[in-house]
Amino acid sequence: MSVTVERTADDIAVLTFSAPPVNLYSLELHDELDRALDEVLASPPRALLIRAEGRIVSGGVDVAQFHARTTKADTLALYDRMLELPNRIEAFDFPTFFAAHALTLTWAFEVAVACDLILASEKAKFGLVERVIGLTPTMGGTQRLAARAGVGRAKEFVFTGDLYDAATLERWNVVNRVLPVDGFDEAALAFVRSIAVGPTRAFGAAKQILRHFEAGGVPEANAHTTAIAAELFDTDDLQRGMESFLADGPGKATFTGR
């Protein structure tokens with residue numbers, strides 16, 4: 001088992017998890033992911049890309065860890081712990097991406113929909129298959145899927161337990177980009193790089209506004225938008241961006257993320 005973080009020259013953090021043979025969720029893997037995310041946050045990057053090593057992204061969870069719980073209280077504690085992972089990723093103020101190169105089940109899909117954008121290869125498939133053990137998803141995947149695709153689609157996804165291909169989930173507005181299998185890793189990183197060079201703090205502000213929207217719709221977002229946007233006055237990127245626009249026209253500014 002390994003979870004590593006590599007930094008590119010343009011300050012993209014690439015987090016790669018590997019728990020052979022099929023990258024099942026376990027509390028031990030969760031601990032390693034937390035350690036890696038601590039490393040990421042110690043020096044916040046321009047963007048975070050989460051990816052998996054192996055033939056598939058994940059085959060699901062280690063059901064033995066569920067079955068080992070002997071009381072409802074112990075089970076609740078496990079589910080609360082599991083939910084911490086996607087909640088933590090969703091709260092980051094910099095852009096986050098999930099790269100799905102192949103089959104992506106249960107916990108890995110729930111982490112994917114907690115990221116800002118999902119990039120999938122043409123052969124990727126996705127599923128919340130907890131129905132096979134008589135459970136419902138516990139890591140926020142149901143509600144985050146509903147936020148992207150609608151309640152009806154979320155019910156279908158969870159009730160059927162079927163596998164859905166990348167093209168279908170792109171049509172549902174769950175997957176943001178479907179990329180060719182050949183060169184997928186390079187294409188995914190190139191897409192992340194195209195975002196990461198932008199005004200990181202402004203992207204964080206957009207994420208804050210959208211959190212308010214998710215909590216209370218347009219009125220709730222409107223109540224906070226101007227204050228959030230005004231905080232960007234102190235950023236180098238906004239001041240230099242405006243100067244560049246006035247001097248050289250649109251699209252010429254370069255940003256540092258500060």
Side-chain angles (χ1 to χ4, degrees), residues 14-15 17 22-23 25 33 47-52 54 56-61 82-83 85-92 94-132 135-181 184-185 187-192 194-196 203 206-207 209-215 217-218 221:
V14 181
L15 186 158
F17 62 86
V22 290
N23 295 331
Y25 172 90
L33 288 164
L48 169 65
L49 173 63
I50 299 176
R51 60 178 300 278
I56 65 175
V57 176
S58 179
V61 302
M82 294 173 70
L83 185 57
L85 178 60
N87 283 355
R88 184 179 188 190
I89 293 167
E90 186 177 56
F92 292 162
F94 43 81
T96 58
F97 303 79
F98 192 96
H101 67 276
L103 182 66
T104 304
L105 297 182
T106 68
W107 79 275
F109 178 75
E110 295 184 277
V111 167
V113 292
C115 293
D116 298 321
L117 279 75
I118 301 174
L119 311 174
S121 83
E122 292 171 331
K123 73 173 184 179
K125 292 188 176 182
F126 303 85
L128 292 174
V129 297
E130 284 83 354
R131 60 165 282 169
V132 301
L135 187 62
T136 194
T138 62
M139 295 175 70
T142 304
Q143 51 269 40
R144 290 188 174 104
L145 177 58
R148 291 173 181 247
V151 171
R153 290 300 194 188
K155 289 177 180 177
E156 174 188 342
F157 202 83
V158 173
F159 291 177
T160 65
D162 288 343
L163 302 183
Y164 292 79
D165 61 28
T168 298
L169 290 198
E170 185 182 39
R171 179 166 53 85
W172 287 11
N173 295 321
V174 177
V175 166
N176 295 89
R177 291 286 191 280
V178 178
L179 304 172
V181 173
F184 172 73
D185 287 337
L189 185 57
F191 182 86
V192 174
S194 73
I195 304 296
F203 295 156
K207 292 179 67 167
I209 291 168
L210 289 169
R211 289 184 195 116
H212 286 294
F213 170 78
E214 289 176 326
V218 172

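Basis for what follows: all heavy atoms, side chains included, without hydrogens, waters or symmetry-related copies.
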Heavy-atom distance under 4.5 Å between the side chains of Leu145 and Arg153, does that happen here?
no

Using 30° and 60° as the class boundaries, would you call the ring planes of Phe191 and Phe97 parallel, tilted or perpendicular?
perpendicular

The single option from Ile50, Val111, Ile89, Leu85 passing side chain to side chain contact (heavy atoms under 4.5 Å, CB included) against Leu33
Leu85

Please round to the nearest 0.5 Å and tell me the distance separating atom OG1 of Thr96 and atom CG of Leu15.
11.5 Å

Are the side chains of Leu117 and Arg177 in contact, using a 4.5 Å heavy-atom criterion?
no

What distance separates Phe157 CZ from Leu163 CG, expressed to the nearest 0.5 Å?
8.0 Å

Given side chains that start at C-beta, do those of Ile195 and Phe203 come closer than 4.5 Å, heavy atoms only?
yes

Side chains of Leu103 and Phe109: closer than 4.5 Å at any heavy-atom pair?
no

Can a donor-acceptor pair be found, under 3.5 Å and without considering hydrogens, that links the side chain of Lys123 to the backbone of His101?
no

Considering all heavy atoms of both residues, which atom of Met82 and which atom of Tyr25 are nearest to each other, and what is their separation?
CG-OH, 3.3 Å

What's the shortest heavy-atom distance between Ala166 and Ser121, and which atoms?
CB-O, 3.5 Å

Looking only at side-chain N and O atoms, does Tyr164 offer a donor or acceptor that is under 3.5 Å from a partner on Glu156?
yes

Quick one: does Val192's side chain get under 4.5 Å of Leu119's, heavy atoms only?
yes

Go through the steps to decide whether Val57 and Phe17 satisfy the test side-chain contact (heavy atoms from CB on, under 4.5 Å), and finish with yes or no.
CA-CA 9 Å; Val57 176; Phe17 62 86; 4.0 Å; yes

For a 4.5 angstrom cut-off between non-hydrogen side-chain atoms, does Glu122 reach Val178?
yes

Spacing of CE belonging to Met139 relative to CG belonging to Asn87, to within rounding of 0.5 Å:
9.0 Å

Which of these, Glu214, Glu110, Glu90, sits in a salt bridge (Lys or Arg N to Asp or Glu O under 4.0 Å) with Arg144?
Glu90

State, with a plain yes or no, whether a side-chain heavy atom of Thr168 is found less than 4.5 Å away from one of Val174.
no

Taking Asn176 for the side chain and Ile118 for the main chain, is one N or O donor matched with an acceptor at less than 3.5 Å?
yes

Interatomic distance, Asp116 atom CG to Leu48 atom CG [nearest 0.5 angstrom]:
9.5 Å

Non-hydrogen atoms of Asn23 and Ala52 that approach each other most closely
ND2-CB, 3.9 Å

How long is the gap from CZ on Arg148 to CG on Asn173, to the nearest 0.5 Å?
9.5 Å

Sub-4.5 Å side-chain heavy-atom contact between Arg131 and Val158
no

Ser58 vs Trp107, test: side-chain contact (heavy atoms from CB on, under 4.5 Å). Steps then yes/no.
CA-CA 8 Å; Ser58 179; Trp107 79 275; 2.7 Å; yes

Say whether, by atom type as modelled, one donor and one acceptor occur between the side chain of Thr104 and the main chain of Ala102 under 3.5 angstrom.
yes

If you round to the nearest 0.5 Å, how far is CZ of Phe126 from OG1 of Thr106?
13.0 Å

Taking all non-hydrogen atoms of both residues, which atom of Val129 and which atom of Gly161 are closest, and how far apart?
CG1-O, 3.3 Å

